[in-house]
Amino acid sequence: MNRWTELTGDSSGEDYAARFAALARSGKDMHGEARFCAALVPAGARVLDAGCGTGRVAIRLAELGYDCTGVDVDASMLAVAREQAPGLPWHRADLAELTAGPEFDLVVAAGNVMALVTPGTEATVVACLAGALRPGGLLVAGFGLDAAHLPVPPVLTLAEYDAHCAAAGLTPVDRFATWDAAPYDGGGYAVSVHRRDEGQD
């Protein structure tokens with residue numbers, strides 16, 4: 001079982017959406033991830049929001065002119081996403097079983113997705129996400145590395161993540177401490193950008 005299901009029982013969609021709506025009403029910026037992605041690829045690019053949850057990132061990118069698709073394992077989250085943006089494609093799937101072809105210019109895994117997959121499937125998830133990228137496409141993943149930045153005990157290190165990316169044919173491009181592109185200094189949260197090798201198809 002993935003760690004997200006263990007944590008929530010796949011029934012937290014409405015509560016999750018309500019929490020973010022309250023944060024937005026308080027004036028907190030909810031679109032850092034989308035802004036980060038938009039700085040990497042031009043409008044019109046195809047984007048896969050992997051572990052999309054209620055669709056916050058994909059919906060914002062679609063508003064900015066991107067061709068977005070969302071995928072998540074949690075049906076309650078997808079129900080909220082479909083209600084908020086019925087015109088976008090939302091798919092239910094475990095990321096370790098994702099079968100999308102190499103059709104996306106960017107895959108984004110925000111919200112601690114990589115830290116919440118089924119333990120032991122991290123390499124498979126990275127390989128599946130890499131397989132969804134066109135040659136030259138980008139994988140962007142932000143996740144916590146310590147207890148202060150995660151709702152569960154940490155299990156994935158940056159060294160392990162980078163090794164999974166290398167095995168999947170991904171080359172490191174950059175790493176930041178936040179979605180606002182602050183320099184990474186070894187802290188407990190990282191946003192990593194990797195590129196799929198041009199020679200892969």
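Worth saying up front: this structure is predicted, and the values here are computed from it rather than measured.
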(Q) Set out, in order, the CA-CA distance, both residues' side-chain angles and the distance that settles salt bridge (charged side-chain N to carboxylate O under 4.0 Å, His left out) for Arg35 and Asp180, then state yes or no. (A) CA-CA 8 Å; Arg35 207 166 38 248; Asp180 292 325; 3.6 Å; yes

How would you list all residue pairs meeting ring pair (Phe, Tyr, Trp, His ring centres under 6.0 Å) that involve [range], not counting sequence neighbours?
range            : value
residues 77-136  : none
residues 111-133 : none
residues 39-76   : none

Q.
Using side-chain contact (heavy atoms from CB on, under 4.5 Å), reason through Leu133 and Leu170 one step at a time and then give a plain yes or no.
A. CA-CA 10 Å; Leu133 287 168; Leu170 299 170; 4.1 Å; yes

Less than 4.5 Å apart, any side-chain heavy atom of [X] and any of [Y]?
X      : Y      : answer
Pro154 : Leu145 : no
Cys128 : Leu95  : no
Val47  : Cys37  : no
Leu48  : Leu98  : yes
Asp49  : Cys68  : no

Q. Quick one: salt bridge (Lys or Arg N to Asp or Glu O under 4.0 Å) pairs with a partner in residues 159-174, sequence neighbours left out?
A.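 Only Asp162-Arg175 qualify under salt bridge (Lys or Arg N to Asp or Glu O under 4.0 Å).
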
Q. Taking atom OG1 of Thr54 and atom CD of Glu83, what is their separation to the nearest 0.5 Å?
A.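 The CD atom of Glu83 is 11.0 Å from OG1 of Thr54, to the nearest 0.5 Å.
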
Residues 106-117 side chain polar contacts: donor-acceptor under 3.5 Å, at least two apart:
from	atom 1	to	atom 2	distance (Å)
Asn112	OD1	Gly144	N	2.6
Asn112	ND2	His149	O	3.3

Closest heavy-atom contact between [X] and [Y]?
X      : Y      : value
Ala127 : Ala168 : CA-CB, 3.9 Å
Pro183 : Ala177 : O-CB, 3.4 Å
Leu129 : Ala50  : CD2-CB, 3.7 Å
Leu158 : Ser192 : CD2-OG, 4.0 Å

Non-neighbouring partners of [X] that pass side-chain contact (heavy atoms from CB on, under 4.5 Å), sequence neighbours left out:
X      : result
Ala96  : Asp94, Thr121, Thr124, Val125
Pro172 : His194
Ala93  : Val71

**Q.** For Tyr161, side chain to side chain donor-acceptor pair (under 3.5 Å) partners two or more places apart
**A.**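 Tyr161 satisfies side chain to side chain donor-acceptor pair (under 3.5 Å) with no residue once adjacent residues are dropped.
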
Q.
Among residues at least two apart in sequence or on other chains, which ones pass side chain to side chain donor-acceptor pair (under 3.5 Å) with Trp179?
A.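 So Trp179 forms a side chain to side chain donor-acceptor pair (under 3.5 Å) with Tyr189.
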
Q) Linking I/L/V/M/F/W/Y whenever any side-chain heavy atoms sit under 4.5 Å apart, do Leu64 and Ile59 land together? A)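 No: no chain of side-chain contacts under 4.5 Å links Leu64 to Ile59.
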
Q.
I'd like to know if the side chain of Arg134 and the backbone of Asp105 have a donor-acceptor N/O pair within less than 3.5 Å.
A.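 Side chain of Arg134 to backbone of Asp105: no pair is present.
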
Q. Short question: side chain of Arg92, backbone of Val73 - any donor-acceptor pair under 3.5 Å?
A.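 Indeed, once roles are kept as given, a pair shorter than 3.5 Å links the two residues.
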
Q) Can you name the salt bridge (charged side-chain N to carboxylate O under 4.0 Å, His left out) partners of Glu63, sequence neighbours left out? A)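 Here the qualifying residues are Arg60.
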
Q: Name all residues meeting the salt bridge (charged side-chain N to carboxylate O under 4.0 Å, His left out) criterion together with Arg46; count only those two or more places apart in sequence or in a different chain, and write none if there are none.
A: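 Residues passing salt bridge (charged side-chain N to carboxylate O under 4.0 Å, His left out) with Arg46: Asp67, Glu103.
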
